[in-house]
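What follows is a set of notes on a single structure, which appears directly below.
Order of the sequence lines fixes the chain letters, A, B, ..., with proteins taken first and strands second; residue numbering starts at 1 for each chain.
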Amino acid sequence: MKEWRFIDFGLVDIRDMMAMDEAILKGDEGDTFFFWTPKKSIILGFFQKAEVELDLPKCKDYIITRRISGGGIAFSDDRCRQINYGVVGTIDNDLFPLDIIESYKQVCGVLIDTLVHYGLNAAFRPINDVTVDNKKISGNAQTRREGKLLQNGTLLLDFDIEEMLRISNIPKEKFLDKKIASIREGLTWLDRELGEQLDMEEVKNVMKDKFEERFHVKLKTGTLSNKEKELTKSLLPKYYSTEWVYR
Amino acid sequence: MEILKTKPGIHKSRGGLIRSFVNIENGRIKDITISGDFFLFPEEAIFKILENLKGTSANREELLKNIEDTYEKENIQSPGTAPSDFTESIMKALEA
């Protein structure tokens with residue numbers, strides 16, 4: 001069985017994590033599945049403007065950065081009960097299809113299998129969401145480079161919706177065509193669905209198992225290569241820069 | 001461009017929300033900015049789209065053709081979002 005590298009970065013500053021994320025995509029190691037949990041922070045999608053999407057004066061105690069993939073804001077409150085994941089793999093029409101939505105569906109399958117394991121009615125909602133009873137529980141974002149894909153996503157265990165609404169400028173148009181009366185009813189998280197707080201490490205282990213089953217690989221814990229570490233070092237200034245975040 | 005003083009055109013495609021901010025001079029686009037949670041590959045091509053729109057006549061047909069041309073030249077893929085969605089968002093900004 002093919003071995004894949006696995007890394008759990010733990011609780012991280014999201015600027016450091018986004019640099020490592022990009023380094024894994026551009027590095028020499030390839031096939032990797034990794035986890036992290038962000039400290040209180042906001043990550044903008046590639047096409048989002050901070051001043052448009054956020055009520056910036058209210059975001060002063062948040063770390064803000066931008067990622068290299070599109071999609072919407074990834075918001076992390078100080079409860080730190082989110083499992084964020086990354087997958088870097090080769091687009092080969094076998095594990096990861098060339099078709100963008102199909103490849104999202106394939107990776108999101110790991111999350112769906114995990115949620116089904118806990119007895120929840122989980123489904124993929126194109127383009128990039130995983131839902132439980134039609135409520136979003138996971139957002140995902142993908143980018144591609146030289147035959148490889150990088151997909152990041154989050155699984156919410158707990159989430160402070162009021163705080164997210166407080167700091168963002170979300171126009172009503174966003175939810176109109178999803179026929180959802182309010183954002184509050186459109187989102188959910190694991191603690192709420194299960195009525196209990198699961199141990200985050202336990203959920204991560206289920207995700208790892210589901211990843212191995214779905215992709216028929218064996219995960220082996222590893223670390224960043226020297227080249228990836230060097231790349232990370234060279235990418236860090238970008239993720240900390242005003243030019244990148246507030247462009 | 002002073003975005004927050006400009007009225008946005010907001011359009012929701014299947015792939016995400018597109019907010020456009022447009023300045024017009026003599027019926028042509030002088031300056032344009034887009035913010036949104038859509039997906040577009042390769043990502044950097046968004047800057048080509050915006051650059052190529054500058055100087056374009058501010059009417060639906062010209063805008064659509066211009067964006068379609070950039071899509072073709074840059075080999076752009078944007079699941080759930082089409083050139084017509086960007087056009088719609090810009091048209092709404094012009095009408096705002």
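Nearest heavy atom pair, residue A:T143 against residue B:F41, reads CA-CE2, 3.7 Å. Contact detail for A:K49 and B:I34: the closest heavy-atom pair is CG-O, 4.3 Å. Here the closest non-hydrogen pair linking A:I100 and B:P79 is CG2-CG, 3.8 Å.
More than 12 heavy atoms of other shown residues, nucleotides or ligands fall within 6.0 angstrom of atom NZ in A:K26. Residue-environment remark: CG (A:D61) exceeds the threshold of 12 foreign heavy atoms within 6.0 Å. Counting non-hydrogen atoms of other residues, nucleotides and ligands closer than 6.0 Å to CD of A:E162 gives a total above 12. Residue B:K54 qualifies as enclosed at atom NZ: its count of foreign heavy atoms under 6.0 Å is above 12. In B:E2, the CD atom is not crowded: 12 or fewer heavy atoms of neighbouring residues, nucleotides or ligands sit closer than 6.0 Å.
The CZ atom of B:F39 sits 8.0 Å away from the CD1 atom of A:I127 when rounded to the nearest 0.5 Å. Here B:T33 contributes atom OG1 and A:R247 contributes atom CZ; the two are 11.0 Å apart, rounded to the nearest 0.5 Å. For the atom pair CZ of B:R19 and CD of A:E53, the computed distance is 4.0 Å after rounding to the nearest 0.5 Å. Rounded to the nearest 0.5 angstrom, A:F47 CZ and B:F47 CZ are separated by 8.0 Å.
Considering only heavy-atom pairs separated by less than 4.5 Å from chain B, the leading option among A:G70, A:G45, A:G71 is A:G71.
Using a 4.5 Å cut-off between heavy atoms, A:N128 contacts chain B through its side chain alone, with no backbone atom that close. Contacts of A:I73 with chain B are absent, with no heavy-atom separation under 4.5 Å from either backbone or side chain.
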